[in-house]
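In what follows, residues are counted from 1 in the order of the sequence shown.
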Amino acid sequence: MQVRRGVQRLFEESGIVTLPEFTLANGRRADLCAITREGAVLIIEIKSSIEDMRVDTKWPDYRDFCDQLYFATLPDVPPSIFPDDCGFVVADMHGAEIVRDAPKHPLNAARRKAVTLKYAR
């Protein structure tokens, strides 16, 4: 919750809308989904420890549902355990900092429509 709160505060300051525990069409639930003013869809996967990251095998399934994929964690979790081809955010309950921006992988039009329609409901 601390990490989520910090990330939400950071994004809110930038005018980005966040949705916690967002269920995707494949049945997976993203820890945090965000939609920018430009309509980009971001997914932020929150990891609280090395073990949490080590046992998670579902995060690659999120790539098909976002324009950018980020990991967010606490300051004491080593950044080296996270994939280089994803964004990286360090956060606590007071705020967050984007350490590495996520590469852009644009959603196809049909997938974008499905994600944004679900958000609009």
Side-chain angles (χ1 to χ4, degrees):
M1 288 298 287
Q2 293 178 17
V3 174
R4 187 174 92 188
R5 178 180 276 171
V7 173
Q8 285 180 295
R9 286 181 176 185
L10 172 68
F11 284 173
E12 184 178 288
E13 291 170 3
S14 301
I16 298 172
V17 176
T18 59
L19 303 159
E21 303 296 326
F22 187 78
T23 303
L24 304 170
N26 64 0
R28 299 279 189 210
R29 190 173 59 223
D31 291 330
L32 195 60
C33 186
I35 301 178
T36 69
R37 289 179 180 165
E38 296 79 25
V41 177
L42 317 177
I43 290 181
I44 301 88
E45 180 65 4
I46 297 171
K47 297 296 167 203
S48 58
S49 67
I50 294 171
E51 183 66 12
D52 189 12
M53 182 62 188
R54 188 183 71 74
V55 299
D56 183 6
T57 59
K58 68 186 182 325
W59 69 265
D61 296 341
Y62 297 154
R63 283 197 192 272
D64 290 339
F65 296 91
C66 63
D67 294 298
Q68 293 177 283
L69 178 61
Y70 287 85
F71 282 96
T73 193
L74 296 163
D76 60 341
V77 177
S80 60
I81 67 168
F82 297 97
D84 291 333
D85 63 344
C86 296
F88 182 66
V89 180
V90 175
D92 61 22
M93 65 188 299
H94 303 291
E97 177 184 355
I98 297 174
V99 176
R100 180 178 61 240
D101 205 18
K104 294 179 181 172
H105 303 277
L107 282 169
N108 70 42
R111 181 78 36 99
R112 179 177 309 283
K113 183 177 177 182
V115 170
T116 54
L117 281 177
K118 183 170 183 160
Y119 164 69
R121 289 183 186 165

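To the nearest 0.5 angstrom, Thr73 atom OG1 is 11.5 Å from Asp92 atom CG. Taking CD1 of Ile16 as the reference point, atom CG of Leu10 lies at 7.5 Å (rounded to 0.5 Å). Annotation: the span from Cys33 atom SG to Glu21 atom CD amounts to 11.5 Å, rounded to 0.5 Å. Expressed to the nearest 0.5 Å, how far CE of Met1 lies from CE of Met93 amounts to 10.0 Å.
Closest approach of Asp31 and Ile44 over heavy atoms only: CB-O, 3.5 Å. The minimum heavy-atom distance linking Ile43 with Phe65 is given by the pair CD1-O, 4.0 Å. Scanning all heavy atoms of the two residues, the minimum distance from Gly87 to Pro103 falls at N-CD, 4.3 Å. Between Asp67 and Gly39, the shortest heavy-atom contact is OD2-O, 4.2 Å. Shortest non-hydrogen contact noted between Cys66 and Leu107 is N-CD2, 3.3 Å.
Criterion: ILVMFWY side-chain heavy atoms under 4.5 Å apart, direct or through other members. Under it, Val3 and Ile50 are part of a common hydrophobic cluster. Cluster membership for Tyr70 and Leu19, using ILVMFWY side-chain heavy atoms within less than 4.5 angstrom, is shared.
In this structure, Ser49 has no side chain to side chain donor-acceptor pair (under 3.5 Å) partners at least two apart in sequence or on a different chain. In this view, Glu45 and Lys47, Lys58 satisfy the side chain to side chain donor-acceptor pair (under 3.5 Å) rule, not counting sequence neighbours.
Side-chain contact between Leu42 and Phe11 is present, with heavy atoms from C-beta onward closer than 4.5 Å. Between Pro83 and Phe71, the closest side-chain pair of non-hydrogen atoms falls below 4.5 Å. Residues Leu24 and Asp61 have side chains not in contact (no heavy-atom distance under 4.5 Å, counting atoms from C-beta outward). Gln8 places a side-chain heavy atom less than 4.5 Å from the side chain of Pro20.
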(message) Evaluate Arg4 against Thr18 for side chain to side chain contact (heavy atoms under 4.5 Å, CB included), listing each step before the verdict.
(response) CA-CA 10 Å; Arg4 187 174 92 188; Thr18 59; over 6 Å; no
(request) Any chance you could lay out the side chain to side chain contact (heavy atoms under 4.5 Å, CB included) test for Leu69 and His105, step after step, and finish with the verdict? (result) CA-CA 9 Å; Leu69 178 61; His105 303 277; over 6 Å; no
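The pair Arg54-Glu51 meets the salt-bridge criterion, since a charged nitrogen lies less than 4.0 angstrom from a carboxylate oxygen.
The local environment of CZ in Arg63 is crowded, with over 12 non-hydrogen atoms from other residues, nucleotides or ligands closer than 6.0 Å.
The closest donor-acceptor contact from the side chain of Arg28 to the backbone of Trp59 lies at 3.5 Å or more, if one exists at all.
Remark: the Tyr62 side chain and the Asn26 side chain contain no N/O donor-acceptor pair separated by less than 3.5 Å.
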